[in-house]
Asks: 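Sending over a structure as structure tokens; questions will come in a sec.
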Amino acid sequence: MSIGLGLEGQELKEYAGGDDMIHLLKINYYPPCPCPDLVLGVPQHTDMSYITILVPNEVQGLQAFRDGHWYDVKYVPNALVIHIGDQMEILSNGKYKAVLHRTTVTETETRMSWPVFIEPNGEHVVGPHPKLVNEENPPKYKTKKYKDYAYCKLNKIPQ
Ligand SMILES: O=C(O)CCC(=O)C(=O)O
Ligand SMILES: [Fe+2]
């Protein structure tokens, strides 16, 4: 991903916090629902992380939004799903876009997923990488501590 932005191989990871980055495992459990058309498992959102590495069980349910449509993210046995999250969008000054996604439920089957959110520690300051901004490409995002970003996002306060 670093090379994709024209940086050296390790530069993005180093600026993102290197080995101080946090790996946060969440376990999602979506039981069967009698009215699957009326509810969502998780409402639409982007993840706050840099990236999310997700292992789903075999029950279809994850959807991603693109060009005005929701698309099923097809279950592929033994494959990992990688989401780009908000911090990666910020770090790349908007070149990589955080993916809007949601989950549906079914009437008969239990879905589970195990996302690992790779994110900065709370004190880490995140903003567009200095090598990706200049006069023609001014920063599109504020630079702030991750804990302050998370506070605003969770409390729906503008960033
Ligand atoms: O269950 C899934 O596939 C996605 C869950 C999710 O988006 C989340 O926990 O942030
Ligand atoms: Fe998510």
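We count ligands from 1, going down the list as the structure has it; atoms in each ligand are counted the same way.
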Asks: Identify all side-chain donor-acceptor contacts of residues 150-159 below 3.5 Å with residues at least two apart in sequence or on another chain.
Replies:
residue	atom	partner	partner atom	Å
Lys153	NZ	Thr46	O	3.1
Lys153	NZ	Thr46	OG1	2.9
Lys153	NZ	Asp86	OD2	2.7
Asn155	ND2	Tyr151	O	2.8
Gln159	OE1	Lys144	NZ	2.8
Gln159	NE2	Tyr149	O	3.1

Asks: Identify all N/O pairs between ligand 1 and the protein with a separation under 3.5 Å and present them as a table of atom names and distances.
Replies:
residue	atom	partner	partner atom	Å
ligand 1	1 (O)	Tyr30	OH	2.6
ligand 1	1 (O)	Arg111	NH1	3.0
ligand 1	1 (O)	Ser113	OG	2.6
ligand 1	3 (O)	Arg111	NH1	3.3
ligand 1	3 (O)	Arg111	NH2	2.8
ligand 1	7 (O)	His45	NE2	3.2
ligand 1	7 (O)	His101	NE2	3.0
ligand 1	9 (O)	Lys26	NZ	2.7
ligand 1	9 (O)	Asn28	ND2	3.0
ligand 1	10 (O)	His45	NE2	3.1
ligand 1	10 (O)	Asp47	OD1	3.3

Asks: Hydrophobic clusters here meaning ILVMFWY residues chained together by side-chain heavy-atom distances under 4.5 Å, can you tell me if Met88 and Leu132 are in one?
Replies: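 Yes, it is one cluster - the side chains of Met88 and Leu132 are joined through contacts under 4.5 Å.
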Asks: Is a side-chain donor or acceptor of Glu107 paired with a backbone partner of Pro32 at a separation under 3.5 angstrom?
Replies: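 Looks like no, no N/O pair under 3.5 Å.
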Asks: Membership question, hydrophobic clusters at under 4.5 Å side-chain separation (ILVMFWY): are Ile51 and Phe117 in the same one?
Replies: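 Each belongs to a different hydrophobic cluster.
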Asks: Give a yes or no answer on whether the side chain of Thr103 reaches the backbone of Val42 with a donor-acceptor pair at less than 3.5 Å.
Replies: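 Yes: the side chain of Thr103 pairs with the backbone of Val42.
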Asks: Mind checking what makes salt bridge (charged side-chain N to carboxylate O under 4.0 Å, His left out) contact with Lys147, not counting sequence neighbours?
Replies: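 So Lys147 forms a salt bridge (charged side-chain N to carboxylate O under 4.0 Å, His left out) with Glu123.
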Asks: Please report the number of protein N, O or S atoms that lie less than 2.8 Å from the Fe ion (ligand 2).
Replies: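 That number is 3, waters not included.
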Asks: Apply side chain to side chain donor-acceptor pair (under 3.5 Å) to the pair Asp47 and His45, showing each step before the final yes or no.
Replies: CA-CA 7 Å; Asp47 293 345; His45 66 282; 3.1 Å; yes
Asks: Among Thr52, Leu24, Val126, which residue satisfies the side-chain contact (heavy atoms from CB on, under 4.5 Å) criterion with Glu119?
Replies: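 The option that passes is Leu24.
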Asks: Is Tyr15 close to Lys131 at the side-chain level, that is, under 4.5 Å between some pair of heavy atoms?
Replies: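 SC-SC contact between Lys131 and Tyr15 ruled out.
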